[in-house]
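Worksheet: the structure to be examined is printed underneath.
Worth saying up front: this structure is predicted, and the values here are computed from it rather than measured. Below, read A as the first sequence line, B as the second, and so on, with proteins coming before strands; counting in each chain starts at 1.
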Amino acid sequence: MPGRSLGDARARHPALAIDEADPAGDAAALQRLAHWCQRYSPWTVPHGSDAILLDLTGCAHLRGGEANLAGELIERLRRQDIAGRAAIADTVGAAWAVARCGGAESAVVPPEAARSTIAALPVAALRLDPVLAIELERLGLRRVGDLYALPRAALAARFGEGLAARLDQALGVAAEPLSPLPPVPARWMQRRFAEPIGTPEALADALQRLLERLCVVLGEDMLGARRLVLICHRVDGVAAQVTVGTARPTRDPSHLFRLFAERLAMIDPGLGIEDMVLAAMSVQRLAAVQLRLAAPARVQPATARGKIVPFPGDKAVARQVARALLAAEDRDRDIGDAAELAALVDRLANRLGLPSVGRLEPHQSHVPERAQRFVPAFAPSQNTWRVDPPRPIRLLSHPEPVQAVALMPDDPPILFRWRRLPHRVRRADGPERLCGEWWFGGREAGVLRDYYRVEDEAGRRFWLYRDGLFLPTAEPRWFLHGLFA
Amino acid sequence: MPVAERSGRLAALRRRLEALERTGRQDWAVLPFALPAIDRVLPGKGLALGTLHEVAGTGPEEEDGAVAAAFLGGILARLKPALPVLWCLAESDLYGPGLVALGLDTRRLVMAQARHQREVLWAMEEGLRTSALAAVIGELDVLSLPASRRLLLAAEASGVTGFALRRWRDGGRAAAQRLAPNAAQTRWRVKALPGDVADGEPGIGRARWQVELWRCRGGDVPTSWMVEACDATGHVSLAAALVDRPPAWQPTYRVG
C-alpha cells in the first residue's frame, strides 16, 4: 500500500517480510531483463523504473503473430517468477496505457485503433505525473477520451506542455523514438595505458596482448569468436572501432591478429589512445582441438610404425597400431587443412566483404537463374545438382536481347546478332520449354521460355530462348541467356 | 673441338638452362592429361603443379571466357580431388550446373567475388600462400610481369597450382594484353571448333576445341591439338577424326 508507514503496516501484519529498497539493483535487473527480451526483438530498451519497451516491427510473425508473442512473453516471465503485463500497440504511449490500465494480462491493440482503445482508460494511463493526474480527476477529466474534445491551446495553457505532449505521443501525432540497448559482448578485455599510445607498433603490440588474454578466456569456456570489435578510446574523447568476422569459431590469437592487422591502419590515433577494449560480440562453442596454422609436419608412417609397435612378432597388433596411427595422422591433417582453409576464408571475407566469399549451392528450381545460390563457404551442402539436360558454364546475370531470325514458328533461329556481331547458326538443339513458377504468385503465371542450344559457324555454343509462345500477330522476342563451352 | 668435349659442354649448358627455366626446382609433380599427344610435349609429361599457368580464349571468347573456364574446370576436376579450389572472379557469371557437368564437385569450390582486378590478384596470392588448397584460379584482365612473378613465387612456395584465366573487357584490351609477357609456366589458348555431327543427324553433339600451347618453359612449343570437350570426369580426348589418322606433319624447325 503506497503511502503507509512501515510501523502501520507491521502493526496490521506482524509477519510482513521486509526488504530495503534497492533502486540501483532494480535498474540493473531491469536492464538484464531488457537484454533477455532481445530474443523477441533486437530493439529493446528499459523504460522508467518498471517497464521494458520492445520495437516489434517485423518480428511478430516469427512467433506466430502479435497475440502469440505477447502470451509467450508473459508465460516465460511467469516461469521466472516475474509477474508482468504486455500490450502491443502502434505507439509507445498506447501500449503503456493498455498494459497498465487495460485489465488484460496481454493485449493487442489493432492498428489504427489506439485512439478509441485508450479513450476509456483513466488519465493516469498517459504516463502523467501523479499530482497532475489527481488534479485532472478533480476537474472531472477522468478518462483519456475526455481530453480529446478539449481545445489544445487551453489544455497546454492550463496543465503545461507535458500533458499535451503525452497525449500526442499516445495517439501517434508526435514521434517517440527508442534508443535500443547496445549489444552485450560475450567476452571482453580492456587495457588502459599509463601514457597514451599512438605509433602503429605500440597499437599492434597492445592488440596482440589483448588477443592473447581474450583467447585464454575463450579457451577456458570452450568458446570460439565469430565477431570481434576493437574499440580505441582517444584522449580527445573520440572512439574509433574496427570489426572483424570469422567464418568458423576460432580462438587462435595469431589468426585473429592477421585479420585485424589490415584494419589497424584505418585507426587514426589522433593525439593518442588511452584505452583499448577488445570485445567478442558473437561466440560459438569450440571444442578443445589443437588448431595449427602452419602445415602440419607429415609423419612418415613407416618410422612411426617402427617406433611404437610393441610386439614385432604380433602382426595383428602391429597392423592395428599402424592403422590407429595413420587415422590419427589423417585426422590431424584434416583438422590442420580445415583450419587453414577457414583462416583463408576469413582473410578473404574481411577484405572483400562477408557475402563475397562462398560456394555455389543447388536450389530446387527449374528456372535457370534460380537453380543456384551463393551460400557461405561453410554452409551445409546438398549437392543435388541436375546435370541433364545440359546447362551452360556461364550464365549471364540478365538475359540479353538479341535480334534473331527463325524460319518457322517453333524453329531455332538461323541467324542472330548479339553484341553487334552476327552469328549464323549451324546446328541447334531444342526447344526445352520452361515455364515460370506460377505457384509463387500471379506475376510469373504467364511466363514461358523456349530454350535452344545453338552452335554458330565458328563452333561457339549459346543458350538462346524465345520469350513466350509464337504468335502470328507479334514479333517474337529472343534473348541470349548463357554460354556453353 | 673434339666431339666428346662438345657434347659434354652442350649437356652442361642444357642443364644450366633447365635450372634457370625451372627456377631451381627439380621435383615436378604433374597432372597428366591422359592424352599422350599432349603429355609428350609438356616437361614432366603432364601439367606441372605448384606453379602458374595461363589460359585464354580466342577471338570473341576472350571476353566471355566460357571455353577457357570449361577447359580449366576439367583440369580442376582431376587435380587433387580431396582438396578445395579457390576461384577468384570479378564478374559473377559462373554457373554451377555447367561446372558439375565437367566432374567438378562444387562443394570443393570456394568462390571469392572481388570488386576489381587488384583484389582478384590479392585474393589469388592469399590463396596461393595457403597449402590447404588444390588450386587457385583468377579471372584476370591485366597480369603484369611483376604481378605474375609474385603469384609464381607464392605457388612454388606452397605447392598450390595457380591458373590465370585471362578475360578482357573488349577486343582492344585483348589485343594490347594477350601477348604481353608474364611469368606463367605454360600459356594456353583454347578455341571452340564446329562440332562433328553429320548432316541430317539431330542435336549438336559433343563440342570440339582447338587447344593451343603457345608458350611453355622447357617444352616443345608452339603446338596445338584438336580435342573433344571435357567429359563428365574432366578428361579431354582426341577428336574422333584424328584418332585414326596418321600423325600430322611436324615441322622440324622452330622460331624463337
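The candidate with the highest count of non-hydrogen atom pairs below 4.5 Å against chain A, out of Cys230(B), Gly65(B), Gly59(B), is Gly65(B). Heavy-atom pairs under 4.5 Å with chain B peak, among Val345(A), Asp388(A), Leu360(A), Leu396(A), at Leu360(A). Most heavy-atom pairs under 4.5 Å with chain A, from the set Glu63(B), Glu139(B), Glu91(B): that is Glu139(B). Of the listed residues Ala207(B), Pro194(B), Ala68(B), Gly127(B), the one with more heavy-atom pairs under 4.5 angstrom with chain A than any other is Pro194(B). Highest contact tally toward chain A, considering only Val67(B), Val190(B), Leu94(B), Val110(B), is held by Leu94(B) [criterion: heavy-atom pairs under 4.5 Å]. Per-residue counts of heavy-atom pairs under 4.5 Å with chain B were compared for Ala349(A), Ala371(A), Pro390(A), Pro368(A); the largest is that of Pro368(A). Annotation: maximal heavy-atom pairing with chain A below 4.5 Å, among Leu109(B), Leu193(B), Leu133(B), Asp105(B), occurs at Leu193(B). For the set Arg419(A), Arg351(A), Arg347(A), the entry with the most heavy-atom pairs within less than 4.5 Å of chain B is Arg351(A). Ranked by non-hydrogen atom pairs under 4.5 Å with chain B, the options Val454(A), Leu421(A), Leu483(A) are led by Leu483(A). If you tally non-hydrogen atom pairs under 4.5 Å between each of Arg394(A), Arg427(A), Arg391(A), Arg453(A) and chain B, the highest count goes to Arg394(A). Contact count against chain A (heavy-atom pairs under 4.5 Å) is highest for Gly96(B) among Ala70(B), Gly96(B), Gly57(B).
Using a 4.5 Å cut-off between non-hydrogen atoms, the part of residues 77-89 of chain B that approaches chain A consists of Leu83(B), Pro84(B), Leu86(B). Residues from residues 161-171 of chain B that place a non-hydrogen atom less than 4.5 Å from a non-hydrogen atom of chain A comprise Leu165(B), Arg167(B), given in numerical order.
Atom CZ of residue Arg115(B) and atom OG of residue Ser356(A) lie 6.0 Å apart, to the nearest 0.5 angstrom. Leu128(B) CG to Leu344(A) CG: the interatomic distance, rounded to the nearest 0.5 Å, is 10.0 Å. Rounding to the nearest 0.5 Å gives a distance of 4.5 Å between CD1 of Ile393(A) and CG of Leu99(B).
Side chain of Arg461(A) to backbone of Ile204(B): a donor-acceptor contact under 3.5 angstrom is found. When atom types are taken as modelled, the side chain of Arg359(A) and the backbone of Arg108(B) share no donor-acceptor pair closer than 3.5 angstrom. Panel note: side chain Tyr95(B), backbone Gln372(A); no donor-acceptor pair is recorded below 3.5 Å.
Side-chain contact, Ser131(B) with Glu340(A): a donor N or O sits under 3.5 Å from an acceptor N or O.
Interface residue Arg107(B): backbone and side-chain heavy atoms are both found under 4.5 Å from chain A. Contacts of Glu61(B) with chain A are made by both backbone and side-chain atoms, with heavy-atom separations under 4.5 Å.
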Check the pair Asp93(B), Leu395(A) against side chain to side chain contact (heavy atoms under 4.5 Å, CB included), reporting the backbone distance first and the verdict last.
CA-CA 5 Å; Asp93(B) 56 358; Leu395(A) 191 79; 5.8 Å; no
Before giving the answer on side chain to side chain contact (heavy atoms under 4.5 Å, CB included), spell out for Glu119(B) and Leu352(A) the whole-Å C-alpha distance, their side-chain angles and the decisive distance to 0.1 Å.
CA-CA 8 Å; Glu119(B) 279 189 347; Leu352(A) 306 177; 3.3 Å; yes
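The two atoms that bring Trp385(A) and Pro97(B) nearest to each other are CZ3-CD, 3.4 Å, heavy atoms only.
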